[in-house]
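Contents: one structure, followed by commentary.
Residue numbers start from 1 in every chain, and the chains themselves are labelled A, B, ... in the order their sequence lines are given, proteins ahead of strands.
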Number of protein chains: 2
Amino acid sequence: MYRIGELAKACKINNDTLRFYEKNGLLSPSNRSDSGYRLYSEKDKEILQFILRAKGVGFSLAEIRELLSIEVDKANNACADVKELVDAKLLDVEQKLAELTRFQTSLKRLSDACCGGEKSAEHCTILEALESDTSQIRHEHHHYKAH
Amino acid sequence: MYRIGELAKACKINNDTLRFYEKNGLLSPSNRSDSGYRLYSEKDKEILQFILRAKGVGFSLAEIRELLSIEVDKANNACADVKELVDAKLLDVEQKLAELTRFQTSLKRLSDACCGGEKSAEHCTILEALESDTSQIRHEHHHYKAH
DNA sequence: ATAAACCTTTGAGTTAAGTCACAGGTCAAG
DNA sequence: CTTGACCTGTGACTTAACTCAAAGGTTTAT
Ligand SMILES: [Zn+2]
Ligand SMILES: [Zn+2]
Ligand SMILES: [Zn+2]
Ligand SMILES: [Zn+2]
């Protein structure tokens, strides 16, 4: 049996995180000591590691709660159920990737068009691009590489 | 001069968003009517569009505040200052991309290893991977493509 | 003149995943 | 027997970017 600080240290998380997971229905200690201290079993530790691994591949706590509810009753759940959760998350991640990739492309274009020199920003192509309607950025900078 | 609702509608945002931007030092209307209504000028509208475009390439409001402070005093700022903001954001975006890509890789590997069938999840490779220490996922699923 | 649509301010709620502060109880060592 | 490390519960705070509610004043149209 681990006390809260022992388990937290072993898994490199904060004691409060463990209390937080308990409050949010992810992991409750199997026992309490006479004086009310939380006592976690090996099995509890395994569940915690499950949670941390799931976090490590991008699952939110709400999603992990779903995974856990399947975990504890594998017999009455199908592979399909598990895979569905993974595939939904994958879609989610890919949508975020798509948005970030758009940001990256735009930012790169902005950065590349700007000379980055020490003279006045009065004609900086980045500011011009943000001021104007066009989403296209002119790659000719009238003081490009010059200043 | 636009009243708040007119400008909001023209730019497809919520009235409250405009009030929020004002409270947060991003955009204050140039005028008020006798009865206290906000009155936005064409110039104000352009600043709002600047803000929305900057949001569109991924900048946070705090970052946009910095961009705006350069915008209003271009003469005393250099291209370098602007480019620095863009490059910092680019780095930021690329770090987030890296993390999401790691998630994507892991999730794909998990998904690919699971048969997704309708039989019991008792031996689902996804759950096994999350239960076990190994970050490697065995691609042999003892009921892979079978069930 | 009255209803509808619009505006004002203030302040609270939302989401996610914790983190921290407080006041006090418990346990082991010396 | 006292110190220090640990534990308890409750509840407030954090970040970001809004969004909504309430109570009331203004404008416009009919
Ligand atoms: Zn330049
Ligand atoms: Zn520039
Ligand atoms: Zn299967
Ligand atoms: Zn499976």
A/Leu97 versus B/Phe103: any side-chain heavy-atom pair under 4.5 Å?
no
Whole angstroms only, please: what is the CG-C1' distance between B/Leu18 and D/dC18?
12 Å
Using only side-chain N and O atoms of A/Asn15, determine if any of them is under 4.0 Å from OP1 or OP2 of D/dC7.
yes
d(NZ, B/Lys96; C1', D/dA16) in whole Å
11 Å
Classify the nucleic acid contact of B/Arg38 as base, sugar-phosphate or nothing, counting any heavy atom under 4.0 Å across all strands shown.
sugar-phosphate
Heavy atoms under 4.0 Å is the rule here; annotate nucleotides 12-28 of chain C 5' to 3' with B where the base is hit, S where only the sugar-phosphate is, and - elsewhere.
-----BBBB----BBS-
Mind calculating the distance between CZ (A/Arg32) and P (D/dC7) to the nearest angstrom?
12 Å
Could you tell me the separation between the OH atom of A/Tyr40 and the C1' atom of D/dT8, rounded to a whole number of Å?
12 Å
Please confirm whether the backbone N or O of A/Ala78 pairs with a side-chain atom of A/Asp81, one donor and one acceptor, at under 3.5 Å?
yes
Given A/Tyr40 and A/Glu6, is the side chain to side chain donor-acceptor pair (under 3.5 Å) satisfied, shown in steps?
CA-CA 9 Å; A/Tyr40 296 90; A/Glu6 291 165 353; over 6 Å; no
Tell me whether B/Glu84 at atom CD has more than 12 heavy atoms from other residues, nucleotides or ligands lying less than 6.0 Å away.
no
In whole angstrom, give the distance that lies between atom CD of B/Glu22 and atom C1' of C/dC7.
13 Å
Can you tell me the distance, in whole Å, between the CD atom of B/Glu63 and the C1' atom of D/dT15?
13 Å
C/dT8 phosphate, OP1 or OP2, under 4.0 Å from B/Arg19 side-chain N/O:
yes
Rounded to the nearest 0.5 Å, how far apart are OG of B/Ser111 and CG of A/Leu85?
11.5 Å
When rounded to whole Å, the CG to C1' distance for the pair A/Asn31 and D/dC7 reads 16 Å
Are the side chains of B/Glu22 and B/Leu27 in touch, meaning some heavy atoms are under 4.5 Å apart?
no
What is the separation between atom CG on B/Leu48 and atom C1' on D/dA17, rounded to the nearest whole Å?
15 Å
Could A/Arg109 and A/Asp112 be called an ion pair, given the rule that one side-chain N must be under 4.0 Å from one carboxylate O?
no
